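If you're wondering where the values come from, they're calculated on a predicted model, not measured in any experiment. Here, residue 1 is the first one in the sequence, and each next residue gets the next number.
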Amino acid sequence: MTGSVPNLAGALQRLRETQPVVHHITNWVTIYDCAQVVKVLGGSPVMAHAREEAAEMTGLASSLVLNIGTLTRELVEAMLLAVRAANAQGIPVVLDACGAGSTAMRDEACLRLFDEVRIDIVKGNASEIARLSGAQVRTRGVDAAAVALDLRQTAQALARERQSVVVVTGAEDIVADSARLYLVRNGHPIMAHVVGGGCMAASVIGAFAAVEPDLTVAAAVALTCFGVAAEVAAQTALGPVSFKEKLLDALFYLDETTLQERMKLAE
């Protein structure tokens, strides 16, 4: 651990005290996981996908999380309405670029969102972020494909181009803006065998973005807390299924002592 270290415990306490509403327009495969992970952290999740209420619900929230995992054209329209409302009110927006690089539709949706509204934080695996940066890579469905790029440079270049915080998840998580770069080395290999891990990570980022105005710090704190909880859960998990349950419990009981002992966050 080097450099200035964000106050993880302070951010977690603010989240639990303020119980922010986190609005999701998200992935049907993992919608319950996204809601549950925000709930155990202390937030208040809500999922309003209909175009008729997406903007209005955003107005009641403290952050907005988008996930393109089960994309439709109608969902893109709802996302645009919600983000316009969020942008107008200064509500942070997190985009999980789930499956970017696997189909043209997903790539087009991400680029349209980038071009027409402000995305504050974009999160993806190595091939998803590489594709959004313009690299000719192909994501394996929603799983990362090998990328022959310097991911730190790629993340920071995309952050400069889009004026967003860029998060690359993997064995080492990267959080970059145009000037700063954090590395999060917490987590456990079993996370790669759990459906919904990446979607939950985006929701955790959204929850912390609701209470931490420095969005680069918010993303780094969120991934550190998520990774530390994963390490705690993996200690007693019998396999991926029990791990997911223990991960939610570990997030619920996460405390300052555990964070101080385990965090591997470097700037």
Side-chain angles (χ1 to χ4, degrees), residues 1-20 22 33-34 36-43 45 63 94 121 123 125 151-152 155 165-177 180-194 196-267:
M1 185 175 61
T2 61
S4 60
V5 179
N7 184 348
L8 283 80
L12 181 59
Q13 183 177 355
R14 288 200 300 280
L15 201 166
R16 288 169 172 163
E17 288 176 350
T18 58
Q19 302 177 10
V22 182
D33 299 321
C34 294
Q36 187 66 71
V37 77
V38 170
K39 192 66 176 177
V40 298
L41 278 168
S63 65
V94 179
I121 303 174
K123 172 230 155 247
N125 60 36
L151 290 173
R152 299 180 191 183
V165 177
V166 175
V167 174
V168 187
T169 55
E172 173 186 78
D173 297 328
I174 300 166
V175 178
D177 61 24
R180 294 173 294 173
L181 189 143
Y182 286 103
L183 301 175
V184 181
R185 299 191 173 102
N186 288 106
H188 192 276
I190 199 171
M191 297 169 79
H193 300 281
V194 174
C199 301
M200 286 191 285
S203 294
V204 173
I205 293 170
F208 278 96
V211 298
E212 171 52 60
D214 185 331
L215 297 182
T216 310
V217 169
V221 167
L223 291 172
T224 305
C225 289
F226 194 58
V228 167
E231 293 171 5
V232 173
Q235 288 180 322
T236 54
L238 300 176
V241 175
S242 63
F243 168 77
K244 183 183 281 188
E245 291 186 356
K246 291 179 182 294
L247 172 61
L248 294 170
D249 286 343
L251 284 166
F252 181 76
Y253 290 111
L254 195 60
D255 58 27
E256 182 174 2
T257 300
T258 306
L259 287 170
Q260 290 293 340
E261 290 175 350
R262 290 179 173 270
M263 68 175 179
K264 300 174 185 173
L265 172 61
E267 186 179 19

Per-pair distances, 0.1 Å, donor-acceptor, side chain in residues 227-240, under 3.5 Å, sequence neighbours excluded:
unit_1, atom_1, unit_2, atom_2, d
E231, OE1, R262, NH1, 3.3
E231, OE2, N186, ND2, 3.0
E231, OE2, G187, N, 3.0

| For the atom pair NZ (K39) and OG (S203), what is the distance rounded to the nearest 0.5 Å? | 14.0 Å
Shortest non-hydrogen contact from [X] to [Y]?
| X | Y | answer |
| --- | --- | --- |
| V221 | A11 | CG1-CB, 3.9 Å |
| M191 | F243 | CG-CZ, 3.8 Å |
| R16 | Q19 | O-CG, 3.4 Å |
| T169 | L223 | CG2-CD2, 4.5 Å |
| V22 | S63 | CG1-OG, 3.4 Å |
| L259 | L12 | CD1-CD2, 4.3 Å |

Salt bridge [X]-[Y], side-chain N to carboxylate O under 4.0 Å:
| X | Y | result |
| --- | --- | --- |
| R152 | E172 | yes |
| K244 | D33 | yes |
| D249 | K246 | no |
| D214 | R180 | yes |

| field | Candidate list L215, L15, T224, test side chain to side chain contact (heavy atoms under 4.5 Å, CB included), partner F208, passing option | value | L15
| said: Assess the residue pair Y182 and V217 against the criterion (side chain to side chain contact (heavy atoms under 4.5 Å, CB included)); give the C-alpha distance rounded to whole Å, side-chain angles, the decisive distance to 0.1 Å, and a yes or no. | reply: CA-CA 8 Å; Y182 286 103; V217 169; 3.8 Å; yes
| query | Checking T258 side chain against L254 main chain: does a donor-acceptor pair fall under 3.5 Å? | reply | no
| message | Under a 3.5 Å distance rule, please check whether R14 uses its side chain to pair with a backbone N or O of V211 as donor and acceptor. | response | yes
State, yes or no, whether a side-chain contact exists between [X] and [Y] at a heavy-atom distance under 4.5 Å.
| X | Y | answer |
| --- | --- | --- |
| E267 | L181 | no |
| I205 | I121 | yes |
| D173 | V168 | no |

| query | What do the steps show when you test L183 against L265 for side chain to side chain contact (heavy atoms under 4.5 Å, CB included), and what is the final call? | reply | CA-CA 6 Å; L183 301 175; L265 172 61; over 6 Å; no
